[in-house]
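Below is one structure, written out as C-alpha cells; the observations come after it.
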Amino acid sequence: MEKYNFTEAEDKWQKKWEESGIYKAQFLKDRKKFYVLEMFPYTSAQIHMGHVRNYTIGDVIARFFAMNGFNILHPIGYDAFGMPAENAAIKQKIPPKEWTYKNIGTIGRQLKKLGISYCWERELATCDPEYYRWNQYFFLQFYKKKLVYKKLSLANWCPSCNTVLANEQVVDGGCWRCSSAVEQKELSQWFVRITDYAEKLLDFSGIKNWPERVITMQKNWIGKSYGCEVHFSMPELKKELTVFTTRPDTLFGATYVVISPRHPVVKEILAKSRLKKDIESFLARVRNQNITVETTAKMEKEGIYAGIDAVNPVNSEKIPVWIGNYVLLEYGTGAIMAVPAHDQRDFEFAEKYGLPVRIVIKDPEWETVPEKLQQAYESEGAMINSGTFDGMGSAECIVAISKSLEKQGKGKQTVNYSLRDWCISRQRYWGTPIPIIYCKKCGAVSVPEKDLPVILPEDIEITGKGESPLKNSNRFLHCKCPECGGDAERETDTMDTFMDSSWYFLRYASGDTKDKPFSKDEVNYWMPVDQYIGGIEHAILHLLYSRFFVKVLNDMNYLNFNEPFENLLCQGMVIKDGAKMSKSKGNVVDPEKVIQKYGVDTLRLFILFAAPPEMDLEWAETGIEGAWRFINRVWAMDSNIRNYTDTDKNNGDVSVEKLINRTIRGITEDIRKEFHFNTAIAKMMEFTNGLHRIIEEQASSKEKLVDAWKKFIKLMAPFIPHTCEEMWEIHGNRQSVFNESWPAVEEKYLKDEESSVAVQINGKVRGRINIVSGSSEAMVMENAMKNPDIFKWLEGKTVVKRIYVAGKILNLVVK
RNA sequence: GCCGGGGUGGCGGAAUGGCAGACGCAACGGACUUAAAAUCCGUUGGGGAUCACUCCCCGUGAGGGUUCGACUCCCUCCCUCGGCACCA
C-alpha cells in the first residue's frame, strides 16, 4: 500500500484553491453571513506554533460554516507597526520598513503553506500609508469631538539614552540598554477620552458568547466604584481639599488626610509651609520612584507631614495633612481621608508614623479600645463615636452621611472608575504619525484631511537614543501652518499600535476602500465578527479599545452596530516541557519542519486532537506520529473501499448506516456546541474502527459503504482539507468538496431497537440487561429479576425503592 | 491580598447528576519479515479471589455534606497555572 503523498496533494490543492478563488469573500446582501476572524499576527520574523493553532481553529470553523450554507468572510493581514522593528534597526542596522516587509514575505509564504481558507484579496498591513492614513483620519474626527486631547503625563525616562522607555523596556528599575536608573518625566502627550465611554463599556449585553473571565477582567479594569467626595477645608491655604472615599460611614474616624506628591496643591503648600525644606527633599526622593508593576508592589509606604491642617466637615476637627507616596493622583481626587481603624493601609501608615486611631464602627467580636487594635476592622457594624449617627448600622450610614454632606454642600455622592484615558502618544518612529502641526501663531492645528496621509519619512537613522526619532528628519519636522501659512513644526509623536488594531476588522469587511476608511454598507453586512479567535493576552487592551472604537463610530454614524465581536474564543497556549513555547526557553518546535516531515494536515489534526481549543496544548512528537498514522489509515481505507467486492450475504444490513449517522450527529454537535474538535476527531477514529470491522466481515454492500464513506470525507474536510479534496477527487468528483453541503443526519437509523440498561443495587452496578426499546418499567424489572448476577444480590432482602431512568439505568435500593 | 481557570491511569484527555477512564499516545505480547522499520491483531487504573467462564474490594487533590445515585451540586482546606494589585 502506498503512503499518502502529502507534498504533492498539498501543493496541488493550495494552487487550485488560489486559481478558483473559492475563498474569496463576496458581498451578497441576501445571504446569511458568517465572519470568522483570527487576531492578525505581529510581523516578527516568522510564525510559531501558537499562530498555527489559532489559525487552524479558525479554519475549521470557517470551512464548517461554509459547508453549512453561510457566506463566509475569513481575512488575514499584518499588525506591522511597533517597537521590535526599531529594535531590529538598532541591532542589525536594517530600516524598520525593510525588516517589516521582509517578514511579511516570510509569514505570507508560511501562512499559504498552512492551507487556511483565507480571502487573500483583503490582506492588509497596518504600516501601509493607505491603511494608516485612516488612523490619522479617525484621530482628526475624534479631535473634532474632543475625544482626543493633550495633557502632561508621566513617562519612563532614561537620562543616559535621553529617551522615553516603554514599561517593558524597564528592567529592574533600569534602562534595558544601558541599565541607568529610570526616572519619571512629565511629557505632554495625546490621550483618547475612553473614560467617557466607561459606562457603555461596562454594558456587555450586545455580546453573545465570551469567556466569562474576559468579561470579568474588563469589568475589573474599568473598576467602577460608588462613593462620596468630601470637602475638607484647609484654613492655612484658604482652600478646600476634596477627597474620594467609598466609606463615608467612617468619616468620623478620619484622623489625617493624605495627598499625592503630584497633587496640584503641593505647590501652594511649599510656598506656605514652615517645613518646606523637608518636604522638598521628600518629594525629590519619591518623584523618581518608578511606577512599573514590579516596583509598585514592593514599594514601602512613605509620607511626610505637610505642616498644615485640614478640617473635617462633619465634626470641625482639625487633622493633619500628609503627603504620601502611595496616593495616586490619577485615581479619585488624588487625595484620601485616612481612617486607620477601618482601613488596613491607613492602619499600617498610622502605626509607622504614630498617628492617632479612632474606632467608629464596633467590631462585635473585638474591643473598642484603639490601643488594642491589631489590624483595621473593615467590615460592617454599629456606629460609635459618630455624633448623631451613633447606633445606626454602618451600611445605612454610607448613604446617610453622604446625603447629609450633600445637603450642607460639603460633599456629594459620586461614581469613580479606575479606567484612565488612553495615552496614544509614543516617542518612537515606527508608527502612525499624529496629524497635528504646531504653529507659533495658531497653536496646535489639524492637518487638513486632503493632506492625509502624513507619510512617515524614511531618511531616519534609528539609534534608540535621543527624543522622538522624527525630530531628526528636517524634511518631516518643518512645514507650513495650514491656517496662516507661516513656519511651523509637525507633531513628532506617533500613535500607539493598539490604534491600528482597533478597527482593522472593519477594513477587512470592506472591499471598496479607495477614498474612505471602509464602506458602510459592506461593513454593516459583515459585522459584527461572528467568531473571533485569539490569545487571552489581549483580554483587556485590544478588545476594550476595539469595543470603544466601534461604539464611537456608531455614535458618529459610521456604522450601525454596537459591539465588534459577538463570540470570542481564547485558545490556550502551546506548551512543551512544562513551559510555553518561547525562544528564551529554547523549547520551540518549528511548524515548517513538522509540515515538511508529515504534511500540514497531520499537524492540524494533532493540534486539534490533543486538547480542546481553550485549554493549553502539550506538544508531543509521538502525538504527531499518531495523527500521521490516522491519516494513512484513512488513505488506505479509501482504496480498500474502492476495491471492495460485494457478496450476496450483506444486502439487508444497516450497520454502516447506523454508524455513519451516529458519527454525523456526534461530530456536528461537538463542533456546534463548543468547538470541541478533539472529541469530534475521536468520533472519526471510532468511525474508522467500526468501518474496518464492517469491511473485514463484508457486512455491507459496496453501494452503502461508498455512500457512507463519501459522507465521512465531508465530515473530515474542515479538519484535513487537502487529504479530503484528494480523496473526493479520486471518487470521481470534479468540484471541490467545500462546495458540498454538510451531511444531514437520517434519524431513522438512530432509533435502536435494543438498548442496554445497567442495573444497580444500592447505587452500584451489578449487572446489565438488554431490553427492547420502549419497554415499560415493569418489563425491565421482570427482566432484571431473571438475571442471576442481579438476583443473587436480592436474595433475602427487600426492595424498598426503585428508580428507573428510561433506557439507561435501574437502581434498586434493598435492605 | 483580590479575581478567575484547573487538579481524573505511565502521558494527552473523555464523561458535567445515571455503567469513570471514550479516543489517542506510551508499554507489553503476538502475526508478517532472514532481520528491522512500517503495518495488522490482542492486553493494559490499582489490589485481590478463581483451573477457568468470571467475581469482589478500592479508585476522579484532601476532608465533610446533599442524593436512591456525585468526577459532576454545596461547605472547608491543600496544590497549581493565569490575570490584577497601595483603586482609597
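Bear in mind that the values here come from a model prediction, so they are computed numbers and not experimental data. Order of the sequence lines sets the chain letters (A, B, ...), proteins ahead of strands, with each chain counted from 1.
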- Task: Tell me what A:Arg633 touches on the nucleic acid: a base, only sugar-phosphate, or nothing, going by heavy atoms under 4.0 Å.
- Result: sugar-phosphate
- Examine distances only and state if a side-chain atom of A:Ser546 and a backbone atom of A:Leu543 form a donor-acceptor pair shorter than 3.5 Å. no
- Query: What pairs with A:Trp422 under ring-ring contact (aromatic ring centres under 6.0 Å, His included), at least two apart in sequence or on another chain?
  - Reply: A:Tyr545
- Mind checking what makes ring-ring contact (aromatic ring centres under 6.0 Å, His included) contact with A:His538, not counting sequence neighbours? A:His542
- Item | RNA chain B: 5'-proximal contact among A:Ile336 and A:Ala620 (nearest heavy atom) | A:Ala620
- In chain order, what residues pass the side chain to side chain contact (heavy atoms under 4.5 Å, CB included) check against A:Glu618, with sequence neighbours excluded? A:Ile575
- Message: According to ring-ring contact (aromatic ring centres under 6.0 Å, His included), who are the partners of A:His676, at least two apart in sequence or on a separate chain?
- Response: none
- Ignoring backbone atoms, test whether A:Arg629 places a side-chain nitrogen or oxygen under 4.0 Å from the OP1 or OP2 oxygen of B:A37. no
If you restrict it to nitrogen or oxygen atoms, what contacts under 3.5 Å exist between nucleotides 41-47 of chain B and the protein, and what is each distance?
from: B:C41; atom 1: OP1; to: A:His692; atom 2: NE2; distance (Å): 3.3

- Query: Which sits closer to the 5' end of RNA chain B, A:Phe244 or A:Thr622, going by the nucleotide each is nearest to?
  - Reply: A:Thr622
- nucleotides 5-23 of chain B: protein proximity per nucleotide (B base, S sugar-phosphate only, - neither; heavy atom, under 4.0 Å): -------BSS---BB--BB
- Residues at least two apart in sequence or cross-chain that pass side chain to side chain contact (heavy atoms under 4.5 Å, CB included) with A:Glu378, listed by chain then number, are A:Asp343, A:Gln344, A:Ala376
- Query: RNA chain B in dot-bracket, Watson-Crick or G-U pairs under 3.5 Å, [ ] crossing, | other strand?
  - Reply: (((((((..(((.....[....))).(((((.......))))).(((((....)))))..(((((..]....))))))))))))....
- Query: For atom P, what is the distance between B:U34 and B:C25, given to the nearest Å?
  - Reply: 28 Å
- Query: side chain to side chain contact (heavy atoms under 4.5 Å, CB included) with A:Leu202: which residues, sequence neighbours excluded?
  - Reply: A:Glu199, A:Lys219, A:Ile222, A:Lys224, A:Tyr417
- Task: Would you please name every residue forming a salt bridge (Lys or Arg N to Asp or Glu O under 4.0 Å) with A:Glu674, sequence neighbours left out?
- Result: none
- Item | Under the salt bridge (Lys or Arg N to Asp or Glu O under 4.0 Å) test, residues paired with A:Glu614 that sit two or more places apart | none
- Note on the structure: By ring-ring contact (aromatic ring centres under 6.0 Å, His included), A:Phe349 pairs with (sequence neighbours left out) A:Tyr256, A:Trp322, A:Tyr326, A:Tyr353
